[in-house]
Amino acid sequence: MTRLAVTRALRSVPRATILSRPQLPRTPSFRSRAPPSLANYTRNLSVTARRLNDDEDERKWSTPLAKQLAEAITATGPVPLASFMRMCLTGDIGGYYTGAIQSSEQNRDQFGVQGDFVTSPEISQVFGELCGLWYVTEWLAQGRPSKGVELIEVGPGRGTLMDDMLRMAKSIDAVYMVEASPQLRIAQKNLLCGEDAAMSESKVGYHSHCKYGDIPIVWTETIKSIPY
């Protein structure tokens with residue numbers, strides 16, 4: 001169709017038809033809606049508060065740690081998994097490694113046949129002695145350094161692995177044991193240093209000396225506490 005024919009066709013259409021807009025069905029405006037009454041809000045809040053109070057009165061926590069975790073989540077919202085696991089393992093109330101849940105469990109042992117799990121050092125001393133031989137091999141490969149050698153073990157358990165290693169290892173400046181449990185620190189000290197060995201405290205941690213060659217042993221609660 002040519003431009004002239006289009007122009008003539010448009011002239012034949014009434015002007016009102018071209019300028020008119022389609023009529024859409026009218027919807028009620030948000031401003032026209034009546035706001036909810038304040039009484040409804042007050043009633044809902046009172047019912048919610050009453051339910052929360054009833055839950056607190058009826059809730060019986062399985063352990064003090066469970067109540068502590070619930071209070072922490074209520075106060076701060078969702079907690080990171082790392083924080084959750086830290087409270088479960090090393091919390092001051094019912095932590096798996098740092099505190100017994102009930103008084104009857106004060107002398108419980110997490111390791112061994114009677115405990116919750118068994119690790120290789122607890123099965124045979126061969127594992128720890130092989131680790132000690134590996135250390136000696138590396139020490140020889142580096143030219144038998146006479147100083148600057150330190151051993152660090154994170155989560156030493158009862159200290160069985162380090163006890164087997166230190167019977168084989170030589171020329172060690174210090175041993176660092178990263179342990180958050182006071183009870184396990186005492187068990188490790190008794191095994192590595194002897195029950196009669198003294199233990200002193202400093203800003204770094206707790207200090208004693210190994211029964212194998214008088215090697216200094218330092219216990220810290222976190223790996224960040226180890227001086228470097």
Side-chain angles (χ1 to χ4, degrees), residues 81-82 84-91 94-101 105-201 204-228:
L81 179 61
F84 176 82
M85 294 304 299
R86 187 181 305 111
M87 293 179 67
C88 292
L89 297 178
T90 61
Y96 181 77
Y97 290 111
T98 54
I101 297 176
E105 298 181 353
Q106 287 290 344
N107 295 322
R108 80 187 194 280
D109 191 353
Q110 300 92 343
F111 316 103
V113 178
Q114 303 299 327
D116 298 325
F117 60 92
V118 179
T119 58
S120 297
E122 302 293 337
I123 297 176
S124 172
Q125 68 184 44
V126 174
F127 182 84
E129 291 177 350
L130 287 175
C131 291
L133 287 175
W134 167 84
Y135 160 77
V136 173
T137 302
E138 293 296 319
W139 177 70
L140 293 173
Q142 296 183 26
R144 300 184 180 185
S146 59
K147 59 181 181 179
V149 179
E150 298 176 343
L151 295 182
I152 302 174
E153 185 177 2
V154 181
R158 290 190 294 207
T160 307
L161 174 61
M162 188 59 66
D163 184 63
D164 293 335
M165 286 187 64
L166 291 178
R167 287 201 300 269
M168 307 292 297
K170 304 295 181 182
S171 300
I172 298 175
D173 288 353
V175 174
Y176 289 92
M177 311 280 278
V178 182
E179 180 57 68
S181 169
Q183 293 84 0
L184 289 177
R185 281 199 297 265
I186 296 299
Q188 295 158 16
K189 191 272 297 183
N190 292 340
L191 179 62
L192 298 175
C193 308
E195 296 183 1
D196 297 333
M199 175 181 281
S200 60
E201 184 178 1
V204 176
Y206 302 88
H207 303 258
S208 190
H209 286 80
C210 178
K211 58 186 178 183
Y212 304 115
D214 200 32
I215 302 172
I217 300 180
V218 183
W219 285 266
T220 63
E221 295 186 359
T222 65
I223 196 170
K224 295 181 179 179
S225 302
I226 298 177
Y228 60 91

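Here the closest heavy-atom approach between residue D214 and residue H209 is recorded as OD1-CB, 3.1 Å. For the pair M162 and L151, the tightest heavy-atom approach, listed with the atom from each and the gap, is SD-CD1, 4.2 Å. Of all non-hydrogen atoms in V178 and T222, the two that sit nearest each other are CG1-C, 3.7 Å. When all heavy atoms of G128 and D164 are compared, the pair lying nearest together is CA-CB, 3.6 Å. Nearest heavy atoms, V218 versus H207: CG2-ND1, 3.5 Å.
Using a 4.5 Å heavy-atom cutoff, the side chains of V204 and P227 are in contact. L161 places a side-chain heavy atom less than 4.5 Å from the side chain of C131. Annotation: side chain of W219 is in contact with side chain of S208 (closest heavy-atom distance under 4.5 Å). Between L192 and M177, the closest side-chain pair of non-hydrogen atoms falls below 4.5 Å. For the pair L166/I172, a side-chain contact is recorded, criterion being any heavy-atom separation below 4.5 Å from C-beta on. Residues S171 and W139 meet the side-chain proximity criterion, which asks for heavy atoms closer than 4.5 Å. Using a 4.5 Å cut-off on side-chain heavy atoms (C-beta onward), M165 and E129 make no contact. By the 4.5 Å heavy-atom criterion applied to side chains, Y212 and D163 are counted as neighbours.
With values rounded to the nearest 0.5 angstrom, Y96 atom OH is found 9.0 Å from L89 atom CG. Separation of atoms CG (L191) and CD1 (I186) is listed at 13.0 Å; rounding is to 0.5 Å.
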*asked:* As a quick check of understanding, evaluate side-chain contact (heavy atoms from CB on, under 4.5 Å) for Y135 and M168, giving each step before the final call.
replied: CA-CA 9 Å; Y135 160 77; M168 307 292 297; over 6 Å; no
*Step by step, would you call V136 with R144 a side-chain contact (heavy atoms from CB on, under 4.5 Å)?*
CA-CA 9 Å; V136 173; R144 300 184 180 185; over 6 Å; no
*asked:* Under the criterion salt bridge (Lys or Arg N to Asp or Glu O under 4.0 Å), I'd like the reasoning laid out for R158 against E122: C-alpha separation, chi angles, the key distance, then a yes or no.
replied: CA-CA 9 Å; R158 290 190 294 207; E122 302 293 337; 2.6 Å; yes
*Take E221 and R185 through the test side-chain contact (heavy atoms from CB on, under 4.5 Å) and record every step on the way to the result.*
CA-CA 10 Å; E221 295 186 359; R185 281 199 297 265; 3.7 Å; yes
*Can C193 and I217 be said to form a side-chain contact (heavy atoms from CB on, under 4.5 Å), step by step?*
CA-CA 9 Å; C193 308; I217 300 180; 3.9 Å; yes
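Sparse packing is recorded around CD1 of I223, with 12 or fewer heavy atoms of other residues, nucleotides or ligands lying under 6.0 Å away. Surrounding CD of E138 are more than 12 heavy atoms belonging to other residues, nucleotides or ligands, all under 6.0 Å away.
Checked by atom type and distance alone, the side chain of K189 pairs as donor or acceptor with a backbone atom of E195 at under 3.5 Å. For D173 (side chain) and E150 (main-chain N/O), no donor-acceptor pair under 3.5 Å exists by modelled atom type.
A donor and an acceptor atom, one from each side chain of S181 and Q183, are located under 3.5 Å apart.
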